[in-house]
Number of protein chains: 2
Amino acid sequence: MVSVPLSVIDARSGDKERLRLWIRMLRTTRIVEAELRERLKRDFNSTLPRFDVMSALYRESEGMLMSDLSRFLLVSNGNVTGIIDRLVADGYVVRAKRDGDKRTSVVRLTPSGVEAFERMAAAHERWIAELLGGVDTAEVHRLSEMLHAFRSNWEGEH
Amino acid sequence: MVSVPLSVIDARSGDKERLRLWIRMLRTTRIVEAELRERLKRDFNSTLPRFDVMSALYRESEGMLMSDLSRFLLVSNGNVTGIIDRLVADGYVVRAKRDGDKRTSVVRLTPSGVEAFERMAAAHERWIAELLGGVDTAEVHRLSEMLHAFRSNWEGEH
DNA sequence: GTGAGATATTTCAAGCCTAAAGTATCAGAG
DNA sequence: CTCTGATACTTTAGGCTTGAAATATCTCAC
């Protein structure tokens, strides 16, 4: 007689595998992130967080609220304030008080910001193609779908 | 007559897919990391970097050099110095000047550090099982192998 | 043994990041 | 109108992170 159902044993061993998966995912992400950080600094004297912010603003040419940015980028409000401050200092972004609500400020890229972002984005895309080039094209699709499913599932619950 | 070989077109479209994959991977990692960070803070008043350092030291009960730690964790030397400083202040880690070489210091967990890490590690494993529970067990294995292959490939080249 | 370059670690300045507290504004109940 | 709670944003304290400069020590050719 077996004292533990097989399904439970399966779940347990699956959990070990999940832990291993997480560690590998974290490590892979860090390796690629470190490489991107280094290249952004070297070629554009910029950073990943700045790139992320500019990328979000590029897609929303009308501009975004600070709170939209922090929600979209999954970072805190105060964090966005600092990054935007530095982008404004560099002339890549402007804060505007447009609508009636005096609490909000709409931030958007300046023409100079658009130009800078486009150059960075082109390089970024080439770098990713190079860095992930070792992953088989068929597997890229599978993997991408899995991660998308994970995230949809997560957001459904939270 | 086709001006661009099909293989090139394939490579191009695969690159777009790789970019999407990277963005999804980064986002998934951030979601899970944010959740872990929050729980480590809430339940153990600790952080992810501290957990990583303690995890490395736990596996090497004889202790590690600062430079071994920074190499293993993929972070800079100066970074490790700060994290170890705080762990020492908390009584979880000791720096020892053992061998002949007066430049190096061997850091290792104290009994209190071992005890604290074991409690955190148990919770951490449960959390990962919960957070990645939505991923099918068969896919976990596939995914894990892919990432392992990616990293081996990367380290072969760098 | 001694001087040059290599190695181990720390310090520093600057930027990223969070949670929590602070400021200003808004919206709605009464 | 005015009070109350919600919302948008900034500020602050503390920790993480890097790359580069600073210290200290080691190694080894001479």
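Letters A, B, ... are given to chains in the order of the sequence lines, protein chains preceding strands, and every chain is numbered from 1.
Residue D101(B) places its side chain closer to dC26(D) than to any other of dC26(D), dG15(C), dT18(D). Comparing dC16(D), dT18(C), dT9(C) against the side chain of R50(B) picks out dC16(D) as the nearest. If you check dT9(C), dT18(D), dT18(C) against the side chain of V75(B), the one that comes closest is dT18(D). Taking the side chain of N77(B) as heavy atoms from C-beta on, and the options dT9(C), dC9(D), dG19(D), the nearest nucleotide is dT9(C).
Contact annotation for L73(A): no contact, since no heavy-atom pair falls under 4.0 Å across all strands. Looking at heavy-atom distances under 4.0 Å, T104(B) makes contact with sugar-phosphate atoms alone, never a base. Heavy atoms of G82(A) sit nowhere under 4.0 angstrom from any nucleic acid atom.
Ranked by how close their nearest DNA chain C nucleotide is to the 5' end, P49(A) and V106(B) are led by V106(B). Both K102(B) and V80(A) lie close to DNA chain D; mapped to their nearest nucleotides by heavy-atom distance, the more 5′-ward contact belongs to V80(A). Residue G78(A) is the one, among G78(A) and R30(A), whose nearest nucleotide of DNA chain D lies closer to the 5' end (criterion: closest heavy atom).
Looking at E139(A) and R142(A), no side-chain N of the basic residue comes within less than 4.0 Å of a carboxylate O on the acidic one, giving no salt bridge. E17(A) and R24(A) are not joined by a salt bridge, as no carboxylate oxygen comes within less than 4.0 angstrom of a charged side-chain nitrogen. The pair R119(B)-E115(B) meets the salt-bridge criterion, with a side-chain N (NZ, NE, NH1 or NH2) lying under 4.0 Å from an Asp/Glu carboxylate O.
Note: CZ (R39(B)) to C1' (dA19(C)) measures 18 Å, nearest angstrom. Nucleotide dC16(C) holds its P atom 11 Å from the CG atom of D52(A), rounded to whole Å. L69(B) has its CG atom 15 Å from the C1' atom of dT10(C), to the nearest Å. Put simply, CG on D85(B) is 12 Å from P on dC12(C), counting in whole angstrom units. Atom CD1 of I84(A) is separated from atom C1' of dC17(C) by 15 Å (rounded to the nearest Å). In this entry the distance linking NZ of K97(B) with P of dT9(C) reads 7 Å, nearest Å. Rounded to whole Å, atom C1' of dT18(D) lies 12 Å from atom CD1 of I83(B). With rounding to whole Å, L36(A) atom CG is found 17 Å from dT17(D) atom P.
The side chain of S67(A) places no N or O atom within less than 4.0 Å of a non-bridging phosphate oxygen (OP1 or OP2) of dT7(D). OP1 or OP2 of dT18(C) sits under 4.0 Å from a side-chain N or O of N79(A). Side-chain N/O atoms of T47(B) include one lying less than 4.0 angstrom from OP1 or OP2 on dC16(D). Phosphate proximity of dT10(D) to R95(A): present, with a side-chain N or O under 4.0 Å from OP1 or OP2.
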Intermediate values then yes/no, side-chain contact (heavy atoms from CB on, under 4.5 Å), R108(B) and M64(B)
CA-CA 7 Å; R108(B) 56 184 172 67; M64(B) 293 175 84; over 6 Å; no
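In this structure, R18(B) contributes its side chain and L132(A) its backbone to a donor-acceptor pair below 3.5 Å.
In the interface, the side chain of R103(B) is not paired with the base of dT9(C) through any donor and acceptor atom under 3.5 Å apart.
The two residues F150(A) and V32(B) make their nearest non-hydrogen contact at CZ-CG2, 4.0 Å.
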